**Student:** 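The structure under discussion is supplied below as structure tokens; questions concerning it will follow.
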Amino acid sequence: MTDTTETDTTETTPRQIVIFDTTLRDGEQSPGASMNLAEKMEVAQALVDLGVDVIEAGFPIASPGDFEAVREIARSIRGSVICGLARCREADIDRAWEAVQHAEQARIHVFLATSAIHREFKLKMDKDEIIRRAVAGVQRAFGYCSNVEFSPEDAARTESDFLCRVVEAAIDAGATTVNIPDTVGYATPAHMHKVIANLRNRVPNIDKAVISVHCHNDLGMAVANSLAAVEAGAGQIECTINGLGERAGNCSLEEIVMALRTRQDYFRADTRIVSRRLVPTSRLVASVTGIHVQRNKAIVGQNAFAHEAGIHQDGMLKERTTYEIMRPEDVGFAMTDLVLGKHSGRAALADRAANLGYHLTAEQLDHVFEEFKVLADKKKEIYDGDIAVLIEQQIRAVAEQWSLESYRVTSGTGRAPEVSLTLRHGAEEFSTQMACGDGPVDAIFLAIEELTGFSVVCKDFHVHSVTVGKDAQGEVLVQVEYQDRLYRGRGVSTDSVEASAKAFLNAINRIAAVSNGGQA
Ligand code: KIV
Ligand code: ZN
């Protein structure tokens with residue numbers, strides 16, 4: 001067995017690592033990150049454009065919505081393997097196959113926990129029973145599909161001998177990828193290296209399958225642990241855009257991909273990822289889920305390439321490699337934030353939209369162009385960020401049962417705000433006047449609740465400027481709870497109170513859609 005820990009200076013072609021993206025499955029499991037069908041389709045297409053090898057599109061048995069999303073992605077998305085998750089249970093596996101069977105290339109991913117803690121407390125099964133069920137699960141999946149992945153859940157905390165036995169049995173049963181999850185984010189890089197090296201050294205049929213890793217980030221080491229696994233010989237990495245995922249998230253796709261690419265001298269491994277699509281994809285996922293990345297997030301954060309210290313700026317001006325190990329344009333930050341204005345035409349807008357990575361139909365472009373003209377009357381310079389929010393509003397519009405006609409709020413220190421609000425519902429208009437709340441935003445929210453009849457708990461409220469300048473558009477993201485479910489809402493306007501009202505109404509419209517039997 002080769003020791004991959006030493007840098008081999010003679011080898012020139014990097015080893016290709018398979019990128020398995022689970023944003024739509026593990027990522028979507030993180031609280032507040034759930035996406036509707038249209039949003040999942042959009043993210044799936046962006047993942048194909050990014051060059052992801054395998055897209056885990058969901059867990060089909062989990063709910064009818066999950067099933068439908070995986071089936072639609074399998075039917076219409078081309079260019080990546082589409083994978084569905086299943087427990088080692090017949091009904092799960094049958095449902096997963098039903099969902100992925102029309103994919104250009106399909107994969108079924110079956111999993112079963114193997115660690116002592118999970119065996120004893122969750123599954124109440126002994127080791128032999130685990131092996132029996134794992135083998136039966138893989139065999140059933142293999143009966144449908146030649147591309148089968150098996151995951152011993154909580155592998156990083158599983159006894160080494162038993163993990164080897166399970167992995168060997170799964171490969172014998174037909175698994176073509178064996179994925180080693182650090183389900184609870186407990187491993188360290190040296191630990192993960194040892195687990196993978198051990199499997200490579202001790203499982204006799206290991207060369208018949210690709211070894212994968214799936215690291216959670218509870219101790220902040222998911223990327224480091226995944227890199228250590230690659231060093232030890234893993235050939236697939238499971239990761240998510242922006243590191244989204246259960247609890248502290250999963251290994252971040254953008255970080256692991258750029259680590260491998262930037263340090264190819266060391267890892268001698270690379271991926272198919274089109275790195276300049278990283279920032280647009282990150283922004284898309286942030287906007288769809290409402291979970292924004294922190295400014296100093298590696299690779300895709302707003303400050304990832306910002307140099308503030310004078311000594312750094314001086315060095316950069318003399319030679320950029322003094323302080324920069326990657327170029328911002330390589331990960332998709334625009335070299336220039338091209339400015340459009342009221343004289344820019346439809347073709348210029350279409351060109352910017354395509355460069356930002358959006359696939360617009362002619363009809364969508366027409367709508368965005370109309371909104372663009374309205375915005376251009378309010379603000380002189382329109383940046384990429386403005387265009388992105390206009391497009392996202394258009395492509396992610398929910399059926400508007402309630403829309404804002406007009407509002408007026410007066411507020412000041414020491415007195416309750418006075419609000420007049422008119423909403424449209426179909427052909428009818430409804431108005432109210434109230435003196436209530438604690439500030440103009442609170443007053444508008446209360447007035448909306450009164451007119452729509454939905455009383456919600458506001459769980460989160462964010463406002464941030466989409467671009468620069470005093471006339472910048474404000475984007476408001478709200479999260480509200482209604483009957484034990486969380487709903488997101490988003491509104492954009494150059495007037496931040498109006499943006500708040502729109503965001504709140506957007507969430508109310510999602511609730512109304514679900515109340516009428518639709519999808520949020
Ligand atoms: O974290 C985990 O163990 C998982 C498995 C289903 C692969 O997500
Ligand atoms: Zn996971």
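Each ligand, and each atom within it, is numbered from 1 in the order the structure gives. Keep in mind that this is a model prediction, so the values were computed, not measured.
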**Student:** Only N/O/S atoms count here: what is the atom of H216 closest to the Zn ion (ligand 2) called?
**Tutor:**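 When I compare the N, O and S atoms of H216, NE2 is nearest to the Zn ion (ligand 2).
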
**Student:** Residue by residue, ordered by chain and number, which ones reach under 4.0 Å of ligand 1 with a heavy atom?
**Tutor:** R25, D26, H109, F111, S151, E153, N179, P181, T183, H214, H216

**Student:** Restricting to non-hydrogen atoms, name the atom on L284 and the atom on V43 that form the minimum distance, rounded to 0.1 Å.
**Tutor:** CD2-CA, 4.1 Å

**Student:** Are the side chain of N36 and the backbone of E39 linked by a donor-acceptor contact shorter than 3.5 Å?
**Tutor:** yes

**Student:** Does the N506 side chain pair with the main chain of K502, one donor and one acceptor, at a distance under 3.5 Å?
**Tutor:**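 No: the side chain of N506 does not pair with the backbone of K502.
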
**Student:** Is the backbone N or O of A232 less than 3.5 Å from a side-chain atom of R200, with the two atoms forming a donor-acceptor pair by type?
**Tutor:**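 Pair found, side chain donor or acceptor close to backbone of A232.
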
**Student:** As a test of reading the structure, name the N/O/S atom of D26 that is nearest the Zn ion (ligand 2).
**Tutor:**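 Considering only N, O and S atoms, D26 comes nearest to the Zn ion (ligand 2) through OD2.
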
**Student:** Step through the shown structure and confirm whether more than 12 heavy atoms of other residues, nucleotides or ligands are within 6.0 Å of NZ on K122.
**Tutor:** yes

**Student:** Is the NZ or CZ atom of R95 positioned over F67's six-membered ring, under 6.0 angstrom from the centre and within 45° of the axis?
**Tutor:** yes

**Student:** Using a cut-off of 6.0 Å, state whether more than 12 heavy atoms not belonging to H464 lie near its atom NE2.
**Tutor:**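 Yes - once you tally the heavy atoms of other residues, nucleotides and ligands closer than 6.0 Å, there are more than 12.
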
